[in-house]
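Only this structure's heavy atoms are used, side chains among them; waters, hydrogens and symmetry mates stay out. In the text below, chain A, chain B and the rest are named by the order of the sequence lines, each starting its count at 1.
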Amino acid sequence: MNKIFEIPLYAYERSPDQDADTPVRRKVVVVGAGPIGLGAAIDFAQQGIEVVVLDDNDKVSFGSRAVCYAKRPLEILDRLGCGKPMVDKGVEWNIGKVFFDERQVYQFDLLPEDGHEFPAFINLQQYYFEEYMVNRVRELQAAGAPIEIRGNNKVLKVEEKGDHAAILVDTPEGQYDLEAEWLIACDGATSPIRGMMGLDFVGRIFEDNFLIADVIMDAEFPTERWFWFDPPFNKGQSALLHKQPDGVWRIDLQLGWDIDKEEEKKPENVIPRLKAMLGDDVEFELEWVSIYTFQCRRMETFRKGRVLFAGDAAHQVSPFGARGANSGLQDTDNLVWKMKLIFDGIADESLLDSYDYERIYGADENIMNSSRSTDFITPKSDMSRVLRDAVLDLSEVHEFARPLVNSGRLSVPCTYDGSPLNSADALLDGPARTRPGSPCPDVPLGDDFLLPKLGDKFTLLTIDAEAPESIEESGVTVTRLALSTKNDPTQMLKERFLGDAESGVYLIRPDQHVAARRPSFDENLIRAAIRRAIGKE
Amino acid sequence: MSDLTLAPNIAGADDFYAELLATHEGLSKSDSDALNARLVLVLANHIGDRAILTQALAAAALKSEE
């Protein structure tokens, strides 16, 4: 059977750059055609910036890999023109069940907040995710956008040269030199570029191994997330069962540290484990098996001159809580608009310091959350296990203990508190969730939603407040979006953006984060906030 | 902000202590450890106040106040 991940989607083709007498200098080169590299490339192309993606392979991800995608990345993907096919294909779930030993201790309902265009979470195989992104690249190409994916183009060497990066690329037809004004390294947790440049990547290695298996079965299991602590079929360890599209189920089994990885991956060893879990009478077919060990670590800085790192190349987290691909997409969402302003001569390169500040802040929050989940799932000391088991035993009887059960905290975007691009909060009665630095929450607006109206440009959102329709400041055009609580039947606009305030004026960045907010329009202060948001104040 | 009560606060202290011992009576070391852990969590939830809990953790660790 031919799976999508077995078909070359961006087969090698000879590029004229390989025949040039002197190395061709490209505006932006992205290395890695995974979710983060493709996300960056699509964003650049949509902004009209020339971008070349190099990948050492010619196919989408092998196996399901990252399978959970959260609301904020889906909103970003919608802006990139490929969020809706993912939601249509993906599996939505709300019910989770927690098992301890032989019994179910409790179940929960995520009870997602109403009034958002996108669900809290979907499950989708990474190969579909990448396929939809490649489709979007093809669509942009057909419309004449300057975007190109070069398959089987493996980067052998990168040198940062101050005003560009020099790249040596290997292909099936030999090597060629290429230059990039800017290089975005999205080459994954093992980032060869990070290694070539001798950059550090420090943090905590967790001494554990997990077997992940995709099985195809017509089972009666409902669309729920089941998590086992210390189950009879995997004593002393944990297990996870998750549904994906096409009748594919993702199973994660913790194996412990001292194992023979190659032995454990063999079907004759995997199948008995799965039978013990699923029951002898369940028919299944094994699609993909992998074993992973994980680490929680990040680079000290995500920028080295003209080379920028994003996604797992810059930071790696444990898989609990699905914070890998989800946070990586927020990296490039943060980066691309800043680079666009630099290319347009509106902002200085120093604006990229805020990429480091904001995304390191996000990475640290993700590392903290996923480390805590890992410490709960795999206790590191006797007392840690005693306390963990106490929480689980109590959770069966007493509701209070359930919030302490940690099998992964769902990925939510972080608020860039303290960012140099924020102006001080001047809407003092406003809700905390939309304070400066926050990603705008979605709000239903009749048949439409707020976030698509914000798009990828600076916006002045006015709620029951007067302001000019457009402001020009330091080369940035800010367009007004005027809304009113009089036309807010769900009251969600009021609840999410005004709270107890009578009116509000929000300056919103191209990545839909709040830069400043005030009760009313004040020209001098809004102009100062715009300058601050582009690193000019 | 309220402070952790470190002055005597349990009426019938001897009775409480005897009840605590009785609850552990006959348990193995590991079952007793588990019971203590559950007790800590039950009491911590009752207190709830994060600042008080931080003070309680420090008091239990026999750390003197700064």
### Query
Counting only heavy atoms not in A/Arg433, do more than 12 fall under 6.0 Å of its CZ?
yes
### Query
Above 12 or not: heavy atoms from other molecules or residues under 6.0 Å from CZ of A/Arg103?
yes
### Message
I need the minimum non-hydrogen distance between A/Leu387 and B/Ala37, along with the two atoms involved.
### Response
CD2-CB, 3.8 Å
### Task
Please flag which part of A/Asp389 lies under 4.5 Å from any non-hydrogen atom of chain B: side chain, backbone, both or neither.
neither
### Message
Between B/Val42 and chain A, with a heavy-atom cut-off of 4.5 Å, which part of the residue counts as in contact: side chain, backbone, both or neither?
### Response
both
### Query
In this structure, are over 12 heavy atoms from other groups packed under 6.0 Å from A/Asp109 atom CG?
yes
### Query
How far does CG of A/Leu404 sit from CG of B/Asn45, to the nearest 0.5 angstrom?
7.5 Å
### Query
Crowded around A/Lys235 NZ? As in, over 12 foreign heavy atoms under 6.0 Å?
yes
